[in-house]
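Remember, it's a predicted structure, so these values are computed and weren't measured experimentally. Numbers for residues simply follow the sequence, beginning at 1.
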Amino acid sequence: MSQNVQPLHVSIIAFPDAVISTLTGVYDVLNSFGMLKGFDPSIPEEPPFRIEIVGASDAPVLMASGVPVNVHKSVEDIEKTDIIIAPSVLLEDGRWRVGRYPDLVRWISEMHKGGAQLCSACSGVFLFAETGLFDGQETTIHWGYQDPFEAEFPNIPLSPERVLIVSGARNELITSGAAMSWHDLVLYLIALHIGAGAAQAVARFFALQWHHDGITPYVVFNGGKDHEDATIFRVQNWIAENFAVAKPVEEMIKLSKLPTRSFKRRFKAATGLSALEYTQRLRVEDAKRRLELDSRPIDEIAWRVGYEDPAFFRRLFKRSTGLSPGAYRKQFCVPAFVSENLPNSG
């Protein structure tokens, strides 16, 4: 970066629902260029970002984990900023309470009018959503917060399986998915404003990872049980323990004591999935756990979760997770340098 170019002003918002690890991680990486000078030719001579932690006031903020964070500046004292980053949030009771941060929401809207990019790390988009700026704009969020987000902000389309989404008329609305995808967010910002070479250099230095395969492999299927159909609820509890049986849909119909068409209609209405799709999701989820912790051959794991045709299992697994069973095991199994040193190893 030329000495004549002013560094971009980055405002990381501290507020009581925010998670401290995301905030400090983003801060440290974007603030590291002075330390990285000389590490790689792509690193600019002058720091390209000027980072400040901002809040509704300049008083320290007690974060969601109970750890206080010092605030550099109140948002009232900031007339212009280039990038606003909202860290991930922790919803203790599973709900976001709209209206808790009116000063922050108003300031975010004003800064956006002045050209600021709005960047959400994981679930930080809850705060941004109150501005209305994300209405109709495709957005991602931690998959575990999809339901409470959609309940509060039904006009914002979600794709939680995606790592990073750039939307808005100026490509200025940037959201990242599950918690550690803040890596992808900061690397994207570095690539966008400094260059891809600098982003790769920073990734190497900090051992940050791009999530090339998306978030789908990380998503855990628990089965939708937020409904009032007692018969389907009873069937769901049964299939959760018996998903490997032969002809699972026929067994569920018998258990429900409903006509076939009525059962299939009610199951889909209650869970959002057909009975067969639901069973397949349960089987794949169990296979994922086995691949993470069990060294048995993949064909045997396929059999144990209910598939006699291993080729069909492999196709289904990849369609569900985005990875082959072998690739999933390689990425998510407990590393040898850990398992070899556990008390029960060997």
Side-chain angles (χ1 to χ4, degrees), residues 10 12 18-33 35-37 39-44 48-49 51 83 85-90 117 119-125 138-146 158-166 174-220 285 288-289 291-293 317-318 320-341:
V10 179
I12 307 178
V19 175
I20 189 171
S21 59
T22 308
L23 183 151
T24 55
V26 171
Y27 182 92
D28 283 345
V29 172
L30 292 181
N31 203 41
S32 66
F33 281 86
M35 176 179 66
L36 294 178
K37 187 164 61 174
F39 170 71
D40 186 277
S42 63
I43 300 298
F49 302 109
I51 324 294
I83 300 170
I85 299 177
S88 54
V89 303
L90 180 65
Q117 291 179 310
C119 305
S120 162
C122 184
S123 46
V125 71
E138 189 179 8
T139 301
T140 188
I141 194 173
H142 191 293
W143 51 267
Y145 281 155
Q146 179 175 4
L158 283 185
S159 299
E161 75 282 359
R162 296 190 48 192
V163 174
L164 189 83
I165 293 179
V166 179
I174 305 162
T175 54
S176 62
M180 296 310 292
S181 62
W182 70 259
H183 292 190
D184 303 88
L185 173 62
V186 295
L187 292 175
Y188 169 77
L189 289 174
I190 294 168
L192 177 67
H193 294 291
I194 314 304
Q200 291 299 92
V202 170
R204 287 197 304 274
F205 186 85
F206 287 100
L208 302 180
Q209 294 186 359
W210 297 97
H211 291 84
H212 293 282
D213 298 307
I215 298 298
T216 301
Y218 298 84
V219 175
V220 176
E285 199 60 42
K288 286 163 64 177
R289 300 291 84 79
L291 289 165
E292 292 167 12
L293 302 171
F317 190 94
K318 186 167 185 178
S320 299
T321 67
L323 297 173
S324 69
Y328 184 92
R329 169 176 273 168
K330 183 177 181 181
Q331 182 168 337
F332 292 100
C333 71
V334 177
F337 64 79
V338 174
S339 60
E340 290 171 357
N341 291 285

Checklist outcome for this item: For Val163 and His211 the tightest heavy-atom approach is CG2-O, 3.3 Å
Item to check | Smallest separation among heavy atoms of Gln117 and Leu192, with atom names | outcome: NE2-CD2, 3.3 Å
Checklist entry - Atom CG in Leu90, atom CD1 in Ile20: separation rounded to 0.5 Å? => result 13.0 Å
Checklist entry - Atom OG1 of Thr24 and atom CG of Asn31: how far apart are they, to the nearest 0.5 Å? => result 12.0 Å
Next on the checklist: Counting C-beta onward and ignoring hydrogens, is there a side-chain heavy-atom pair between Ile12 and Pro87 closer than 4.5 Å?
Outcome noted: yes
Next on the checklist: Going by side-chain contact (heavy atoms from CB on, under 4.5 Å), name the residues that satisfy it together with Ala327, two or more places apart in sequence or in a different chain.
Outcome noted: Leu323, Ser324
Checklist entry - Would you call Pro44 and Phe33 a side-chain contact if the rule is heavy atoms closer than 4.5 Å? => result yes
Output side-chain donor-acceptor pairs under 3.5 Å for residues 328-335, partner residues at least two apart or in another chain, one line each.
unit_1, atom_1, unit_2, atom_2, d
Tyr328, OH, Arg289, NH2, 3.4
Tyr328, OH, Glu292, OE2, 2.5
Arg329, NH1, Arg296, O, 3.2
Arg329, NH2, Asp294, O, 2.6
Arg329, NH2, Arg296, O, 2.8
Gln331, NE2, Tyr218, OH, 3.4

Checklist outcome for this item: For residues 18-32, the salt bridge (charged side-chain N to carboxylate O under 4.0 Å, His left out) pairs (sequence neighbours left out) are none
Next on the checklist: If the condition is side-chain contact (heavy atoms from CB on, under 4.5 Å), which residues does Ser120 pass it with, not counting sequence neighbours?
Outcome noted: Val125, Phe128, Thr175
Item to check | Interatomic spacing from OG in Ser181 to CG in Leu187 - rounded to 0.5 Å | outcome: 11.0 Å
Checklist entry - Does Ser159 have any side chain to side chain donor-acceptor pair (under 3.5 Å) partners at least two apart in sequence or in another chain, and if so, which? => result Glu138
Checklist entry - Can you tell me how far the CE atom of Met180 sits from the CG atom of Leu185, to the nearest 0.5 Å? => result 12.0 Å
Next on the checklist: With a 4.5 Å cut-off on side-chain heavy atoms, are Leu189 and Ile85 touching?
Outcome noted: yes
Checklist outcome for this item: Interatomic distance, CG@Leu164 vs CG@Asp184, rounded to 0.5 Å, equals 6.5 Å
Next on the checklist: Donor-acceptor check, side chain of Thr140 to backbone of Arg162, threshold 3.5 angstrom: yes or no?
Outcome noted: yes
Checklist entry - Distance from Thr321 atom OG1 to Glu161 atom CD, nearest 0.5 Å? => result 13.0 Å
Checklist entry - Between Phe39 and Phe205, what is the ring plane arrangement, given parallel below 30°, perpendicular above 60°, and tilted in between? => result perpendicular
Item to check | Heavy-atom closest contact (Leu291 atom, Pro325 atom, distance) | outcome: CD1-O, 3.8 Å
Next on the checklist: Between Ser176 and Cys122 (side chain of the first, backbone of the second, donor and acceptor by atom type, cut-off under 3.5 Å), is there such a pair?
Outcome noted: yes
Checklist outcome for this item: Shortest non-hydrogen pair, Thr22 vs Ala121, comes out as CG2-CB, 3.6 Å
Checklist entry - Partners of Ser42 by side chain to side chain donor-acceptor pair (under 3.5 Å), sequence neighbours excluded? => result Asp40
